[in-house]
Undergrad: 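Please read through the structure below; I'll follow up with questions.
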Amino acid sequence: MRRAVCPGSFDPITNGHLDIIGRASKLYDVVHVAVMINQSKKGLFTVDERIELIREVTADFGNVEVESFHGLLVDFCKQREIPAIVKGLRAVSDFDYELQMAQMNNGLSGVETLFVPTNPTYSFLSSSLVKEVATWGGDVSHLLPPTVHEALVTRLGER
């Protein structure tokens, strides 16, 4: 069985993330979406909320499993016998950092990293940017799946 992981914080998941996950789901039998737990950061959504949103928006793919992880991604991969990490690259600036991570991960465990160029429609998109624009009342509905947009608007309204 061909398995891969798409890691990230997904706070919240965007159409750009969904594009990469969807493309990976066509190449692999099972795609694990690993939601990173970073205890030093306070996310807009809890890890459990992010997992639930991702499960909702990836359900139609049929081969996506979503769970959290804490620690080294290569340990997550070893525990689940996942030989590949799939990462989207938005710009050349992403490549420098991601290449170093890929080389470190391969050196630590032999896990390969596959880089997928982001759809140009989403080349500027990040969760941080979406949250910032939405906080100031900007329309980000076209950048998020509808259920995620609804959750974002609700959460920002609570603040």
Side-chain angles (χ1 to χ4, degrees), residues 1-38 41 43-95 97-99 101-102 104-106 109 111-134 140-153 155:
M1 186 174 291
R2 295 170 304 153
R3 304 161 76 85
V5 62
C6 292
S9 57
F10 305 104
D11 187 35
I13 188 169
T14 68
N15 287 340
H17 293 129
L18 202 54
D19 176 60
I20 298 298
I21 295 165
R23 290 160 65 192
S25 77
K26 293 176 185 173
L27 300 172
Y28 292 93
D29 299 315
V30 178
V31 174
H32 296 262
V33 175
V35 180
M36 187 171 40
I37 298 172
N38 185 344
K41 275 181 137 180
L44 183 62
F45 294 97
T46 68
V47 171
D48 289 339
E49 288 169 332
R50 288 183 247 166
I51 288 171
E52 184 55 37
L53 287 169
I54 296 166
R55 284 183 177 148
E56 283 181 42
V57 300
T58 61
D60 288 344
F61 296 140
N63 64 341
V64 173
E65 297 181 8
V66 186
E67 58 189 301
S68 63
F69 83 95
H70 177 72
L72 294 176
L73 181 59
V74 293
D75 291 337
F76 178 93
C77 291
K78 277 194 257 182
Q79 292 164 1
R80 290 157 186 80
E81 298 181 7
I82 300 170
I85 300 167
V86 176
K87 301 286 296 225
L89 292 179
R90 293 174 292 197
V92 174
S93 56
D94 287 347
F95 183 74
Y97 174 75
E98 294 296 348
L99 179 62
M101 291 297 294
M104 177 64 80
N105 288 338
N106 185 266
S109 67
V111 173
E112 295 291 349
T113 300
L114 287 90
F115 296 121
V116 178
T118 302
N119 180 321
T121 304
Y122 308 121
S123 63
F124 65 93
L125 189 53
S126 72
S127 295
S128 299
L129 186 58
V130 165
K131 289 185 289 193
E132 184 174 344
V133 170
V140 295
S141 60
H142 60 293
L143 305 174
L144 303 167
T147 57
V148 176
H149 181 254
E150 183 179 317
L152 177 63
V153 169
R155 179 57 45 89

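Values below: every heavy atom of this structure, side chains too, minus hydrogens, waters and symmetry copies.
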Undergrad: What distance do Lys26 atom NZ and Asn63 atom CG have between them, rounded to the nearest 0.5 Å?
TA: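 These two atoms lie 11.0 Å from each other.
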Undergrad: Quick check: closest heavy atoms across Phe124 and Leu143, and the distance to 0.1 Å?
TA: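 Looking at all heavy atoms of both residues, the shortest contact is CZ-CD2, 3.8 Å.
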Undergrad: As a quick check of understanding, evaluate side chain to side chain contact (heavy atoms under 4.5 Å, CB included) for Arg3 and Asp29, giving each step before the final call.
TA: CA-CA 6 Å; Arg3 304 161 76 85; Asp29 299 315; 6.0 Å; no
Undergrad: Does any part of the side chain of Phe61, heavy atoms only, come nearer than 4.5 Å to the side chain of Val33, both counted from C-beta?
TA: no
Undergrad: Using the side chain to side chain donor-acceptor pair (under 3.5 Å) rule, take Asp48 and Thr46 through it: C-alpha gap first, then chi angles, then the decisive distance, then the call.
TA: CA-CA 5 Å; Asp48 289 339; Thr46 68; 5.4 Å; no
Undergrad: For residues Arg2 and Leu27, report the shortest heavy-atom separation together with the two atoms involved.
TA: NH1-O, 2.8 Å
Undergrad: Is a side-chain donor or acceptor of Ser9 paired with a backbone partner of Met36 at a separation under 3.5 angstrom?
TA: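 Answer holds: no.
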Undergrad: Indicate the atoms forming the closest heavy-atom contact of Ile20 with Pro117, along with that distance.
TA: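 Between these two residues, the closest heavy atoms are CD1-O, 4.5 Å.
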Undergrad: If we only count heavy atoms from C-beta on, is the Ser68 to Arg50 side-chain gap below 4.5 Å?
TA: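 No, their side chains stay 4.5 Å or more apart.
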Undergrad: Answer yes or no: is there a side-chain heavy-atom contact under 4.5 Å between Val31 and Thr58?
TA: no
Undergrad: Within the structure provided, determine whether Phe69 and Val5 are in side-chain contact (heavy-atom separation under 4.5 Å).
TA: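 The answer is no; the side chains never approach within 4.5 Å.
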Undergrad: Take Phe10 and Ile54 through the side chain to side chain contact (heavy atoms under 4.5 Å, CB included) test and state the conclusion after the steps.
TA: CA-CA 8 Å; Phe10 305 104; Ile54 296 166; 3.6 Å; yes
Undergrad: Calculate, to the nearest 0.5 Å, the distance between atoms CD1 and CD belonging to Ile51 and Glu67 respectively.
TA: 8.0 Å
Undergrad: Could you check Leu44 against Asp11 for side chain to side chain contact (heavy atoms under 4.5 Å, CB included), going step by step and ending with a plain yes or no?
TA: CA-CA 7 Å; Leu44 183 62; Asp11 187 35; 3.8 Å; yes
Undergrad: How long is the span from the CZ atom in Phe45 to the NZ atom in Lys131, to the nearest 0.5 Å?
TA: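 Those atoms lie 8.5 Å apart.
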Undergrad: Out of curiosity, Asp94 CG to Thr118 OG1, how far, rounded to the nearest 0.5 Å?
TA: 7.0 Å
Undergrad: Can you tell me how far the OG atom of Ser141 sits from the CD atom of Glu150, to the nearest 0.5 Å?
TA: 12.5 Å
Undergrad: Regarding Arg155 and Glu49, does a basic nitrogen lie under 4.0 Å from an acidic carboxylate oxygen?
TA: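 Yes, charged N to carboxylate O under 4.0 Å.
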Undergrad: Within the 4.5 Å heavy-atom criterion, are Asn15 and Pro145 side-chain neighbours or not?
TA: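 Yes, their side chains come closer than 4.5 Å.
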Undergrad: Less than 4.5 Å apart, any side-chain heavy atom of Ile82 and any of Val111?
TA: no
Undergrad: Ring-plane angle category for Phe76 and His32, please: parallel below 30°, perpendicular beyond 60°, tilted otherwise.
TA: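 If you compare the ring of Phe76 with that of His32, the planes turn out perpendicular.
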Undergrad: Measuring from Ile13:CD1 to Leu53:CG, what's the distance to the nearest 0.5 Å?
TA: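 Output value for this atom pair is 8.5 Å.
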Undergrad: Quick one, His149 and Val140 - any side-chain contact, counting heavy atoms below 4.5 Å?
TA: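 Of all side-chain heavy-atom pairs linking Val140 with His149, at least one is under 4.5 Å.
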Undergrad: How close do Lys78 and Ser109 get, heavy atom to heavy atom, and via which atoms?
TA: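 So the two residues come closest at CE-CB, 4.1 Å.
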Undergrad: Indicate yes or no: at least one non-hydrogen side-chain atom of Leu125 is less than 4.5 angstrom from one of Val130.
TA: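 Heavy-atom side-chain distance check passes, below 4.5 Å.
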Undergrad: Starting from the C-alpha separation in whole Å, work towards a yes-or-no answer on side chain to side chain contact (heavy atoms under 4.5 Å, CB included) for Val35 and Val66.
TA: CA-CA 7 Å; Val35 180; Val66 186; 4.1 Å; yes
